[in-house]
Amino acid sequence: VRREAGEVVDAARRLWDSWEDGALIADIATGRFLDHEKLHYVDVESEFLSIRGPALMPRPVQGQVPVFARAPDQTGYADITLSDGLTALDDRSPGLKFAELALLPGTELLPVLRRLAGSVGGVVLRTPEPVAALEELDRHVIPALAAEGILVPPRPGETLRAQLGLSRPSSRYAAASGGNT
Amino acid sequence: MSGNDYRRPEARLHLNGFFPFGPIYVWDQVARPEDYYEFAGFARLARTAERGLFTSIFLGDSQRLREHLGRITDIAVTGRPDQLVLFAHLTAITERIGFVATLNTTYSDPVELARRLATVEALSGGRAGWNLVTTGNAWTGENFRKGGYLGHADRYRHALEHLEIVHRLWDHREVDFHGEFYDVTASLPGPPDPQLRPILFQAGESDEGRDFAAKYAEVIFSRYIAFDAALEFADDIADRLHAAARPRDDIKIFPAAKITLGATGGPGPTGESSRSSNRSGVAICPLGTSTARCRTSPRSIPSRP
């Protein structure tokens, strides 16, 4: 299962790269809608997959859609790794780390979040009562975090990658073919 | 017999818009090439069709980019969005038009397809349809891990098992199926809702395709628009319905019509102005009389005065 998951993510990433940026040209003078030099067969032939490509849609706006996966098993191919609670502090995997916290009634969330803030990029909150928990967060926790500068408010119009502080990668095929516009 | 001799006071028409490639086909009509793939064009299309009293729209699909002589075709728009994701979004900005997704049985997983289509059905309050298609070519199969593996003779037997799994999931929320192609035990969340079952469209033209439609489809597309040929097709389907022990009104026949637009007083159908529309609009009307099985129709067609 783990090997297959890695292959699936790798194939998806190749497909996302298979239309280079700038593949859509709509050049009326030459009658070409696409620059076919910028479309690439992915030719995945792996243990579990066989995919010719290219993708059926142009490259994602973000270049690569951010992939979230659970540490430690699936960290090799993720942009963001999810760890249980404070074990996130010990996670040495590269990239952005998120801590998953169970939000039980009466949890003192603020001190935990303050402690995690220097080491992880974000938290995932799980709760059996999402509505009540959101109200509580909204009323007490978020204003405090914002005041301390720990919480990064989302900026309108930005991609998820940009919100998370991740850069937009260029297509692997652009590097291979030696150019991009 | 001419069309004027054929009068049926009870007859009702449904219009279904068919867009093989998307909202815009001629690609020099917009400023940004991304417009062909982004949501705004599809949203405009859906709203316009709804305003124009169309019962439904459906899009063509292809699971591989077009090629010519072994190279990706670069002179035309190619590729398209996932239809169910797109339709989930379009149902939120419309109220009564139906959305018919062209979905391939050959390369899809029936449990996943049943769940995704049921999701659009629930989100839209019962406005989803499925245009069931099969693919027999290995060229398309190269994009799927299973590879191209179905010969023509197997396509509809495989499609039948696929459809059976989907229908059992919709009707009972559970399936335990063991057939020639599938061994599946699965369930969908939530209680079954007989009012929420996507309408099945089919366009098979071969003998097997017509038989399949006569047995299982609720709407069949027909390429015949000339009256006598359309009637011949309808009679053939009626015979097959009879053989399948289904009443004649159980299926609606939607013949295809190409619509060519020209500016008022401008050039005719062969002129310059027809270029942008002569591939993109097809209105389709039924020869059937019953509207009972097209749930979206009563709200989308004004009642007679």
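Per chain, numbering begins at 1; letters A, B, ... match sequence-line order.
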- Task: Kindly give the heavy-atom pair with the smallest separation between B:Leu65 and A:Pro54, and that separation in Å.
- Result: CD1-CG, 3.8 Å

- Distance in Å, B:Ile72 CD1 paired with A:Ser18 OG, rounded so as to fall on 0.5 Å steps: 8.5 Å

- Applying a strict 4.5 Å limit to non-hydrogen atoms, the region of A:Ala55 in contact with chain B is backbone

- Roughly how far, to the nearest 0.5 Å, is CD1 of A:Ile25 from CG of B:Asp74? 7.0 Å

- Message: Check the orientation of A:Phe33 and B:Tyr37. Use parallel for under 30°, tilted for 30 to 60°, and perpendicular for over 60°.
- Response: tilted

- Task: Mark yes when over 12 heavy atoms from residues, nucleotides or ligands other than A:Arg155 sit less than 6.0 Å from its CZ; otherwise mark no.
- Result: yes

- Item | Minimum-distance pair of heavy atoms, taken over all atoms of B:Arg64 and A:Tyr41 | NH2-CE2, 3.8 Å

- Query: Nearest heavy-atom pair of A:Gly53 and B:Asn143: which atoms, and what distance?
  - Reply: N-OD1, 2.7 Å

- B:Arg223, CZ: over 12 other non-hydrogen atoms inside 6.0 angstrom: no

- Query: How about B:Ile75: does its CD1 atom have over 12 heavy atoms from other parts shown lying under 6.0 Å from it?
  - Reply: no

- Which bit of B:Arg80 comes within less than 4.5 Å of chain A, counting heavy atoms only: side chain, backbone, both or neither? backbone

- Taking everything shown except A:Arg13 itself, do over 12 heavy atoms lie less than 6.0 Å from its CZ? yes

- In terms of heavy-atom proximity below 4.5 Å to chain A, should B:Ser62 be classed as side chain, backbone, both, or neither? backbone

- Please state whether the side chain, the backbone, both or neither of A:Leu39 comes within less than 4.5 Å of a heavy atom of chain B. side chain

- Note on the structure: The interface call for B:Glu38 against chain A, heavy-atom contacts under 4.5 Å, is neither

- Would you give the length of the straight line joining atom OG1 of B:Thr78 to atom CG of A:Leu24, rounded to the nearest 0.5 angstrom? 10.5 Å

- Within 6.0 Å of NE2 in A:His140, more than 12 heavy atoms from elsewhere: yes

- Query: Taking atom CZ of A:Arg126 as the centre, does the number of heavy atoms from other residues, nucleotides or ligands within less than 6.0 Å exceed 12?
  - Reply: yes

